[in-house]
Amino acid sequence: MSKKVRVRFAPSPTGGLHLGGVRTVLYNYLYAKKHGGDFIVRVEDTDQTRFVPGAEEYIFQCLEWCGLQPDESVLHGGEYAPYRQSERKEMYRQYAEQLVKNGHAYYAFDTPEEIEEMRESLKAKGSHSLQYDYNIRHKMNNSVRLLPEETQKLLDAGTPHVIRIKIEPNQTVSFTDMIRGEITFDTNTVDDKVLLKADGMPTYHLAVVVDDHLMKISHAFRGEEWLPSAPVHILLWKYLFGVNEMPEWAHLPLILKPDGNGKLSKRDGDRLGFPVYAMDWTDPKTGDLTKGFKEIGFLPEAFNNLLAVLGWNDGTEQEIFSLEELIEKFSMDRVHKGGAKFDFEKAKWYNHEWIKKLPASNYSGRVKDIFIASGIEVKDEAYFISVLDLVKDRCTLLPDFVQQAGYFFSAPQTLDTEAVKPKWSEAKNDFFEEYIQQLTALATWDVASIENTFKDLAAAKNIKPGELQLPMRIMLVGGKFGPAVFTIAEMIGKEETIARIKNALVIFG
RNA sequence: GCCGCGUUGGUCAAGGGGUUAAGACGCCUCCCUUUCACGGAGGAAUCACGGGUUCGAAUCCCGUACGUGGUACCA
């Protein structure tokens, strides 16, 4: 029972990486790391019709951004290679044949049209099951009905065929799910799933069992959408390798759309204006770009955090967790059974918390890129980071820094004159004219000097300093936001401060 | 239709026979700050429904409703 923990994430490289997928990765990763095990990524590319160029590389880029590196994968190697199912194609047939030999599977020669016909007639009869199962398999074109010679003849002639699992009726299949406990199925409701397709590729059902066995997977975590096909997998384990060898299962709850009902999909993100994919994904066929969490300005720390607690918590009031803490505290039995609606507002809150929590140097590189893209030049790295640290309380998404810190690097393009003009007066104008003089004469340029000069002069002019601070802020910042105004003056320097006041005076006057 | 799984404020959720049913997001009010945030104090808002079991049910059991997933030679 002291089997080494080995878990796997098995994506199908068909497009963008959905946040639910990332959460599955996360839970796998956390479980593996907590128990000193291995995290494997196996590419499930058995459907050649759904091959999408670039999708596989993209998935690994997403994992890298999240900091969830596999121990074994297509990219990272490992002793159970290859990790791409298309490259393991030859391995699967023998298991399928073995099942046929043992009477647990059979060859089926039905064409798609014939199957369609079968369903139509079943529907016409008012049957509530349209499945290819024990009820109808002896009426179909397969080796259950055919004589062995007939079957052999078709096989020899190279007739296209699949191999289907033969589900015995009137049985009960049950297993223990780490999250849901005992789950039971009646085999009468399970259909004869295709195991090996006509093109020789396995379906997911065969491949997942064979590969989990070959790769010595100890725990299999996947989305709840797989629950209905679990009995097929259990049976396969039973017939092929024995249920004692079977990994422990956990079916993770789904992530639902925020409004209405149903699984969260890319479409919902487009419709509601938030990302669903981890990173930007461009469909190579249509050229359509779908925005990712990374690109709209999320921090990987926040992304992991918010995903981890969407369906899990440690039982305390803690909400902010680093990856290390998650590894330490994660446990599958505290994962929820029910699906959770995704709340983008809360997601943003997590990012805000992480921006505040982390030193700006942690993400200054990314912010710098955003600045450059906005046409703002950053020359002094240390100054840049100190500015970011000063304003980070005001930023929820990385691009917010452009608004919140841009004026430290270039004078505001526009001034919020409406905030000043109604109360503007000759006296205030005089104050600033004279303030410029005094600032120019200032020996030391620091917050205290700038502020004291301001207050002394205001007192001398008999104007409340408060009435002058907002204009001063608009002059330097352009709007009603930002940290203490004298701190800003200190940081942008004497020359720049005076220049901005002068410029504003022209506009206000 | 059939099968599986689920259901605590608008959302994420703690609690698993006796609690004033935590906390967070969002919303509202106030304090701090003559900016915006941060921070702090407060507020509105919840156990899907119906039956049991029990002295006592959000908690256990059974139904119902609702939701959700599956029902492919897709994963």
Side chain to side chain donor-acceptor pair (under 3.5 Å) assessment of Asp389(A) paired with Ser386(A): CA-CA 5 Å; Asp389(A) 272 321; Ser386(A) 67; over 6 Å; no

Identify whether the distance between the nearest side-chain nitrogen and carboxylate oxygen of [X] and [Y] falls below 4.0 Å.
X         : Y         : answer
Lys480(A) : Asp416(A) : no
Arg271(A) : Asp259(A) : yes
Asp343(A) : Lys346(A) : no

Nearest-angstrom distance from the residue atom [atom1] of [X] to [atom2] of [N]:
X         : N      : atom1 : atom2 : result
Lys341(A) : G6(B)  : NZ    : C1'   : 13 Å
Met201(A) : A72(B) : CE    : C1'   : 17 Å
Leu130(A) : A72(B) : CG    : P     : 8 Å
Tyr204(A) : A75(B) : OH    : P     : 10 Å
Asn188(A) : C2(B)  : CG    : C1'   : 12 Å
His205(A) : G70(B) : NE2   : C1'   : 10 Å

Sugar-phosphate, base or nothing in reach of Lys263(A), heavy atoms under 4.0 Å: sugar-phosphate

Within 45° cone of Trp354(A) ring axis and under 6.0 Å: Lys357(A) NZ or CZ: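 Pair Lys357(A)/Trp354(A) counts as cation-pi.
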
Think Arg394(A) forms a cation-pi with Phe481(A), using NZ or CZ under 6.0 Å from the six-ring centre and within 45 degrees of its axis? no

Regarding the side chain of Lys337(A), the nearest nucleotide among G6(B), C74(B), C2(B) is G6(B)

Of Val485(A) and Asp47(A), the one whose nearest nucleotide on RNA chain B sits closer to the 5' end is Val485(A)

For Gly479(A) and for Trp312(A), locate the closest nucleotide of RNA chain B by heavy-atom distance; then report the residue assigned to the nucleotide nearer the 5' terminus. Trp312(A)

Using the C1' atom as the point on both nucleotides, what is the distance between C36(B) and G42(B), in whole Å?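 It works out to 23 Å between them.
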
Can you see if the side chain of Arg334(A) gets near the phosphate of G15(B) - specifically, an N or O under 4.0 Å from OP1 or OP2?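 Answer yes for this pair, as a side-chain N or O of Arg334(A) is under 4.0 Å from OP1 or OP2.
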
Check whether any side-chain nitrogen or oxygen of Asn313(A) sits under 4.0 Å from OP1 or OP2 of A14(B), and answer yes or no. yes

Counting neighbours of CD on Gln413(A) that are heavy atoms of other residues, nucleotides or ligands and sit closer than 6.0 Å, is the number greater than 12?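 Check fails, neighbour count at 12 or below.
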
For Watson-Crick and G-U wobble pairs within 3.5 Å on both distances, what is RNA chain B written in dot-bracket notation, | included for inter-strand pairing? (((((((..(((.....[....))).(((((.......)))))....(((((..]....))))))))))))....

